[in-house]
Amino acid sequence: MSTDNTVQVTSLPQLAEVLPYLLGHYPDDSISLHAPGPNFVDGPTMTCPLPEDPAEWKDAAALAARQFVAYAHDRGHDPAQGVVIYLCREPRPDETPWDTAAQLAPVTDWLTATLLNERACVLQTFGLVANRWWAYECNTEGCCEGEPLPSPDDPASVAAQMARLGRTLGPRTRDIVKEFRPATTDSDFLKDLDTAVAEFNDRTETSVGLDATLTSTCAQIDAAVDQFRAGATALNRALTTQLIVGLHDDAAMDAGMAHTEDEDLPHARRLWAYLARHCPAPFTQEGVPALTLYAFVAWRQGDLVAARLALHDALTADPDYEPAVGIHLGTIDGENPQDFLASARENHDRRRVHVQHAVQVASEYRPVTDSTADRHREALDAEAKAHTAQVSTHKGQLVARYGTIDIIGGALADFRTGRPQLTDEIAARITFGLQDRVTRDAAASTGDLEDLPVERQLWGYLARRCVPPHTDKAPPLLTLLGWAAWRQGDTVTASHAFSDALDIDPGYRLARLLLQALRAEHDPATILATFRLEAQRFAARRADLDNL
């Protein structure tokens, strides 16, 4: 050890031995590349997994070499000054260390060829197998083949130098991944997990169900962290399965990232690892959110090795999972995890407010469940038969259209006088009449702003009467309510009303178009002009009814 605390790497055995200290851990089944700096251990280093199937090694080698050159340049290092290659693999049950080392030899050729093509210079290539080293650049037969790595007792060894600096050897990859990688399969648990996945998919088909599930998942996250904070090492089966699937809502992921304070990071890390360990094949994809949260916590703790290994597993299971991709790029680019934490907390707060608004605004139009529900149902049942008979002819269809608009006009007049009450029969007739697209467009809020509160009140009043099994009649009413709310500047209610209309009928085109326009922040005045033109055309066509 020199007086300036630099590490002396002056021999091939030392060069082979130094890899775990460069990485902070020993990489099982990996390709590692290092571009030495002025002090050998300085300079960029990168590790890529070596696939289990040797048929994939050539492509993996080419990709690793290209990625490393780009990585080195990004960090201001010129790989033309030299690159050291390390290939790590443990012998399989039917292999000797010499068999494995020979199997790795072609990989050095593929790496070298790609590096040279990328204008990088290869200094040395090593195979590290079963605590032995092979230097593939040495052409002397029998030389530099299968020598044991230096003993820590050797004063000149890198291990001894590092010990004098107070640095210890990091763990092996296989020991790190035991924390979060499934090792056993409980068939009964997997049956419950499969059921939980199906139930989650059913519950979250609607925005109402999605909001309710998110609220439940956030409460479960808090409860689980509390249990682990108190020393728990396991959760009951129901909570485990519900958390695993609940985290598949990106808003729940934000909640998982957002709520953990620094003092809770060890408990959160154990929780996310616990959930990830409960997702063996064929449920590995279910564990991706938990793996991503584990990686984020490890990153916040400064444990980049564990974070990247967990992210590798997550992205292997789902290469397009955006939270994992974002965190992975953040660890590579040296970003601050606190920035990700701030963003997650902002998203979580925004979604929490959204859910709170959903509960508040739903009371304006959610179907009643009190003693009047039976009466509304009977009126709708009766009108269903009468309406079907009426619109069976062209003249009947025209009569229904203009009759509905006339009745709506009378209802609005009553509402303006402070009498927001319609008979069940009149309410049912308007509801069925608005199922017709032409009638609905003619009824759209086209008056002055002072008319909007009364119109909005009417649409909510009618929507509350769409009790089962007539909830499928609510989309026109919800769309008209959302349109009136949007014109009033109440975009929160408008968004929920349009979304709830689409929950009932995903193909309801007007609700979808208005929701898209709202989210794109379009000016409702342009849409209003279209509705007013349609209302004028509708009024002009009334003569067609008189001529029949």
Side-chain angles (χ1 to χ4, degrees), residues 9 11-34 45-68 83-116 120 122-154 157-159 169-178 181-183 281 305 308-309 312-313 316:
V9 182
S11 67
L12 287 179
Q14 290 176 333
L15 194 58
E17 181 194 7
V18 76
L19 177 64
Y21 296 98
L22 294 173
L23 301 175
H25 74 293
Y26 186 92
D28 294 301
D29 294 353
S30 297
I31 299 170
S32 295
L33 301 121
H34 175 61
T45 303
M46 188 178 76
T47 297
C48 297
L50 189 65
E52 177 64 25
D53 185 357
E56 301 176 18
W57 289 359
K58 185 173 183 179
D59 289 340
L63 178 61
R66 288 194 297 269
Q67 288 180 335
F68 179 71
V83 176
V84 181
I85 298 170
Y86 296 90
L87 301 177
C88 305
R89 182 174 168 88
E90 291 304 288
R92 284 2 187 203
D94 58 345
E95 295 176 353
T96 68
W98 279 262
D99 293 334
T100 304
Q103 196 176 27
L104 291 172
V107 182
T108 67
D109 297 331
W110 300 326
L111 284 164
T112 299
T114 304
L115 288 169
L116 292 175
V122 176
L123 297 176
Q124 187 58 260
T125 57
F126 284 97
L128 299 179
V129 181
N131 208 37
R132 295 176 179 273
W133 62 275
W134 278 256
Y136 292 110
E137 297 295 319
C138 179
N139 295 320
T140 303
E141 186 175 353
C143 182
C144 303
E145 295 181 5
E147 294 292 331
L149 289 169
S151 168
D153 296 333
D154 181 350
S157 69
V158 171
L169 186 64
R172 298 185 70 105
T173 301
R174 64 192 180 201
D175 295 323
I176 297 172
V177 300
K178 287 178 182 177
R181 191 172 286 174
V305 173
R308 287 170 178 164
L309 289 171
H312 171 261
D313 281 9
T316 298

[X] [atom1] to [Y] [atom2] distance, which is reported to the nearest 0.5 Å:
| X | Y | atom1 | atom2 | value |
| --- | --- | --- | --- | --- |
| Thr108 | Gln124 | OG1 | CD | 10.0 Å |
| Asn131 | Glu90 | CG | CD | 8.5 Å |
| Trp133 | Cys88 | CH2 | SG | 14.5 Å |
| Leu123 | Ile85 | CG | CD1 | 9.5 Å |
| His25 | Ile176 | NE2 | CD1 | 5.0 Å |
| Lys58 | Leu111 | NZ | CG | 12.0 Å |

Could you check whether any side-chain N or O of [X] sits under 3.5 Å from a backbone N or O of [Y], counting only pairs where one atom can act as donor and the other as acceptor?
| X | Y | value |
| --- | --- | --- |
| Ser151 | Asp153 | yes |
| Thr173 | Asp28 | yes |
| Trp110 | Asp59 | no |
| Glu56 | Pro51 | no |

Q) With Trp134, which residues qualify under ring pair (Phe, Tyr, Trp, His ring centres under 6.0 Å), at least two apart? A)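 Here the qualifying residues are Trp98.
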Can you confirm whether [X] sits close enough to [Y] that some side-chain heavy atom of one is under 4.5 Å from a side-chain heavy atom of the other?
| X | Y | result |
| --- | --- | --- |
| Cys144 | Tyr136 | no |
| Val122 | Glu137 | yes |
| Ile31 | Leu87 | yes |
| Thr100 | Arg92 | no |
| Leu50 | Leu104 | yes |
| Thr112 | Thr125 | yes |
| Cys48 | Leu63 | no |

Can you name the nearest heavy-atom pair linking [X] to [Y], along with the distance?
| X | Y | answer |
| --- | --- | --- |
| Leu15 | Tyr86 | O-OH, 2.6 Å |
| Gln103 | Glu95 | OE1-OE2, 3.3 Å |
| Val83 | Ala120 | CG2-CB, 4.4 Å |
| Trp57 | Val107 | CE3-CG2, 3.6 Å |
| Tyr21 | Val158 | CD1-CG1, 3.7 Å |
| Glu145 | Thr140 | OE2-O, 4.4 Å |

**Q.** Passing candidate, side-chain contact (heavy atoms from CB on, under 4.5 Å) with Thr47, options Leu23, Leu309, Val305, Leu33
**A.**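 Between Thr47 and the candidates, side-chain contact (heavy atoms from CB on, under 4.5 Å) is satisfied uniquely by Leu23.
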Q: Determine, stepwise, if the pair Thr316 / Asp313 fulfils side-chain hydrogen bond (donor to acceptor under 3.5 Å, both in side chains).
A: CA-CA 5 Å; Thr316 298; Asp313 281 9; 5.4 Å; no
